[in-house]
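Owing to the predicted nature of the structure, the values given are computational and were not obtained by experimental measurement.
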Amino acid sequence: MFRTRLLAAAAAMLLCCVGAVSAAEIEKFDLPGIAVPFVSIRGPIEAGDGAKFETVVRGLNRASVILQSPGGLVKEALHIGATIRMEGFATMVPADKECFSACGLIWVSGVRRYMSDTSLIGFHAAYREENGEYRESGVANAEIGSYLTHLGLRIEAIRYFTIAGPNDFLLLTPDKARALGIETYQVDGANITTPSAAPTVEIYADRFVSYSLLQSRCAPFLQPDLTAVKRAHEAAFAEGNKLVGSDKWIELWTPLLDQVKSGLNKKGALLICIETEASLRGQGQETGIYGPSFSCAAARTPTELSLCRQPELWAKDRAMNSIYMWVRNNVEKSVRKRLLEVQRSWLKDRNDCGGDARCLNAVYDQRLNELRAIDLPS
């Protein structure tokens with residue numbers, strides 16, 4: 001958070017007094033008290049600017065690129081953008097500053113993209129001038145599409161970047177960026193809204209499908225609080241639907257169901273459920289799992305105490321307990337006896353870990369992988 005506030009302050013310092021320039025000025029700034037170098041790009045992007053940018057940033061391990069430009073040559077912008085992405089630099093368009101056309105291609109290349117509600121980031125199709133008239137350049141637009149695809153943008157974003165005519169612009173807002181799947185850090189003075197606080201629609205689609213899974217195939221294994229899961233499920237649906245509308249929203253999450261089915265076939269429900277819970281928890285999201293399979297108030301042994309302290313073990317322990325209870329109550333006697341003997345042996349190995357969380361994770365993972373073919377009935 002401190003670094004992002006410095007970035008916003010630095011952008012204001014660099015650009016507050018800048019007037020119009022006739023060609024791109026590419027300069028590196030080292031500001032007192034700030035470890036990250038800043039590189040400003042101001043003015044039209046012209047021939048040779050890609051090489052010039054490479055020269056300016058040579059030797060930098062990290063940098064934040066501040067942009068203010070009406071656009072320019074696509075080839076040079078893609079050269080600059082590729083350098084930014086390969087070097088892992090951040091990009092920013094400050095409040096009330098413009099970054100149009102080819103400049104937007106540079107901005108979207110940042111591994112962290114900063115903008116504000118009043119940043120003027122606009123896109124239109126690439127064009128060439130012929131006899132005083134502007135005509136779209138099919139070659140340049142194809143290059144842009146290929147480049148944006150390599151950045152990981154989906155087709156709707158690529159279309160947005162190239163659909164407007166040469167005399168028009170489509171402006172990008174933070175909400176529109178989220179709807180197009182473009183992660184941004186939204187700057188409001190000294191405050192920064194991160195992508196985790198304002199996710200893209202793809203994140204909501206993934207969460208919606210993940211919560212669907214938790215409520216169905218995973219519930220017998222993990223025994224989550226279904227009221228909490230249902231509430232989170234509905235919230236993910238509502239947020240995604242609000243961002244893109246019902247038709248596009250359905251288009252986004254339905255293909256994920258096929259990915260889930262494929263994962264279930266390859267790994268089995270048990271391992272997919274463990275992974276799904278871990279993914280949601282890693283995002284700081286509700287999973288309806290608030291402890292292991294036993295009451296932590298009664299925990300006494302080093303193993304039990306460690307299990308209670310490690311949220312990454314809770315789903316695993318719950319799954320193991322659910323499998324144990326199902327085997328005990330549903331499997332034929334001779335098979336059940338053998339399976340329970342193996343389970344008791346595993347419990348000894350687990351308890352031998354004491355409070356070592358790494359050992360406990362390894363022991364649980366090994367046993368769960370051995371039991372991956374089990375699928376508990378709903």
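Side chains of Y364 and R350: a donor-acceptor N/O pair is present below 3.5 angstrom, by distance only. Side-chain contact of R372 with N369: a donor-acceptor pair under 3.5 Å is present, judged by distance alone. For the residue pair N241/S246, the side-chain donor-acceptor check at 3.5 Å is not satisfied.
Checked for salt-bridge contact, R281 and E286 miss the test: no charged N lies under 4.0 Å from a carboxylate O. A salt bridge links E275 to K267: at least one charged side-chain nitrogen sits closer than 4.0 Å to a carboxylate oxygen. Between K230 and E234 there is a salt bridge, since at least one side-chain N of the basic residue sits less than 4.0 Å from a carboxylate O of the acidic one.
Ring geometry, H124 versus F169: the interplanar angle falls under 30°, so the pair is classed parallel (tilted spans 30 to 60°). Under the 30°/60° scheme for interplanar angles, the aromatic rings of H233 and Y211 are found to stand perpendicular. A tilted orientation is assigned to the rings of W249 and F208, their planes being inclined by 30° to 60°.
The shortest side-chain heavy-atom distance between C218 and E277 does not fall under the 4.5 Å cut-off. Counting heavy atoms from C-beta outward, I26 and V39 have side chains that approach closer than 4.5 Å. Counting heavy atoms from C-beta outward, S101 and F123 have side chains that stay 4.5 Å or more apart. Side-chain contact between F53 and I41: present, with at least one pair of heavy atoms (C-beta onward) separated by less than 4.5 Å. A 4.5 Å side-chain heavy-atom check between Y204 and L252 finds every atom pair outside the cut-off. At a threshold of 4.5 Å between non-hydrogen side-chain atoms, the residues I66 and P94 count as touching. A 4.5 Å side-chain heavy-atom check between T173 and D117 finds every atom pair outside the cut-off. The shortest distance between side-chain heavy atoms of L360 and Q310 does not fall below 4.5 Å.
More than 12 heavy atoms of other residues, nucleotides or ligands shown are found within 6.0 angstrom of NZ on K52. Other residues, nucleotides and ligands place more than 12 heavy atoms under 6.0 Å from the CG atom of N330. Within a 6.0 Å sphere centred on CG of N61, other residues, nucleotides and ligands contribute 12 heavy atoms or fewer. Environment of CG in L60: crowded, with over 12 heavy atoms of neighbouring residues, nucleotides or ligands closer than 6.0 Å.
Judged by distance alone, the side chain of R85 and the main-chain N or O of S109 form a donor-acceptor pair under 3.5 Å. Without hydrogens or angle criteria, D317 side chain to S293 main chain gives a donor-acceptor distance under 3.5 Å. When atom types are taken as modelled, the side chain of Q285 and the backbone of G282 share no donor-acceptor pair closer than 3.5 angstrom. Judged purely by atom type and a 3.5 angstrom limit, T276 uses its side chain to pair as donor or acceptor with the backbone of I272. Although no hydrogens or angles enter the test, the distance criterion places no donor-acceptor pair under 3.5 Å between the side chain of D168 and the main chain of A164. Between the E304 side chain and the T301 main chain, a donor and an acceptor come within less than 3.5 Å of each other. The backbone N or O of E202 sits nowhere less than 3.5 Å from a side-chain atom of D206 that would complete a donor-acceptor pair. A donor-acceptor pair is defined here as one N or O able to donate and one able to accept, closer than 3.5 Å; such a pair exists between the side chain of Y160 and the backbone of L171. When atom types are taken as modelled, the side chain of E76 and the backbone of I45 share no donor-acceptor pair closer than 3.5 angstrom. Within the 3.5 Å criterion, the main-chain N or O of G354 finds a donor-acceptor partner in the side chain of T303.
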Apply the test side-chain contact (heavy atoms from CB on, under 4.5 Å) to residues L368 and M320: give CA-CA distance (whole Å), side-chain angles for both, the deciding distance (0.1 Å), then the verdict. CA-CA 7 Å; L368 289 168; M320 287 296 300; 3.5 Å; yes
Passes side-chain contact (heavy atoms from CB on, under 4.5 Å), I274 versus D365? Steps please. CA-CA 10 Å; I274 296 295; D365 289 344; 5.7 Å; no
The test is salt bridge (Lys or Arg N to Asp or Glu O under 4.0 Å); show your working for R367 and E370 and say whether it passes. CA-CA 5 Å; R367 185 59 178 152; E370 292 170 352; 2.9 Å; yes
Please lay out, stage by stage, how R112 and E183 fare under the test salt bridge (Lys or Arg N to Asp or Glu O under 4.0 Å). CA-CA 8 Å; R112 288 189 173 201; E183 287 192 347; over 6 Å; no
List the steps, then state whether salt bridge (Lys or Arg N to Asp or Glu O under 4.0 Å) holds for K248 with E156. CA-CA 10 Å; K248 178 54 63 178; E156 288 81 6; 2.6 Å; yes
Go through the steps to decide whether S116 and S119 satisfy the test side-chain hydrogen bond (donor to acceptor under 3.5 Å, both in side chains), and finish with yes or no. CA-CA 5 Å; S116 76; S119 299; 3.2 Å; yes
Is there a side-chain contact (heavy atoms from CB on, under 4.5 Å) between K176 and L180? Walk through the geometry before answering. CA-CA 6 Å; K176 187 62 180 179; L180 293 172; 4.1 Å; yes
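W107 and F100 have their aromatic ring centers separated by at least 6.0 angstrom. Aromatic rings from F29 and F38 are positioned such that their centres are separated by 6.0 Å or more.
When hydrophobic clusters are built by joining Ile, Leu, Val, Met, Phe, Trp and Tyr residues whose side-chain heavy atoms come closer than 4.5 Å, directly or via intermediates, W346 is not grouped with V342. Criterion: ILVMFWY side-chain heavy atoms under 4.5 Å apart, direct or through other members. Under it, I323 and F294 are part of a common hydrophobic cluster. When hydrophobic clusters are built by joining Ile, Leu, Val, Met, Phe, Trp and Tyr residues whose side-chain heavy atoms come closer than 4.5 Å, directly or via intermediates, L170 is grouped together with I158. Linking ILVMFWY side-chain heavy atoms closer than 4.5 Å, directly or via other members, places L67 and V111 in two distinct hydrophobic clusters. Residues L271 and V209 are members of separate hydrophobic clusters, defined by side-chain heavy-atom contacts under 4.5 angstrom among Ile, Leu, Val, Met, Phe, Trp and Tyr.
For the salt bridge (charged side-chain N to carboxylate O under 4.0 Å, His left out) test, no residue two or more places apart in sequence or in another chain qualifies with D349.
Atoms CZ and CG, on F221 and L214 in that order, are 12.5 Å from each other to the nearest 0.5 Å. Taken to the nearest 0.5 Å, the OG atom of S210 stands 13.0 Å off from the CH2 atom of W253. Put simply, CD1 on I84 and CG on L105 are 11.0 Å apart, with the number rounded to the nearest 0.5 Å. In this structure, the separation between CG on N321 and CG on L222 is 11.5 Å, given to the nearest 0.5 Å. Distance check, rounded to the nearest 0.5 Å: CZ of R42 to CD of E25 gives 5.0 Å. Interatomic distance, NE2 of H79 versus CD1 of I106, reported as 11.0 Å (0.5 Å rounding).
Counting all heavy atoms, side chain and backbone alike, E46 lies closest to L73 at C-CD1, 3.8 Å. For L226 against Q215, the heavy-atom pair with the smallest separation is CD2-CA, 4.2 Å. In terms of heavy-atom proximity, V36 sits nearest to S64 at CG1-OG, 3.9 Å. A228 approaches Y290 most closely through the heavy-atom pair CB-OH, 3.3 Å. Taking every heavy atom of both residues into account, Q186 and P174 meet most closely at OE1-CB, 3.4 Å. In plain terms, the two heavy atoms of P44 and P70 that are nearest each other are N-CD, 3.8 Å.
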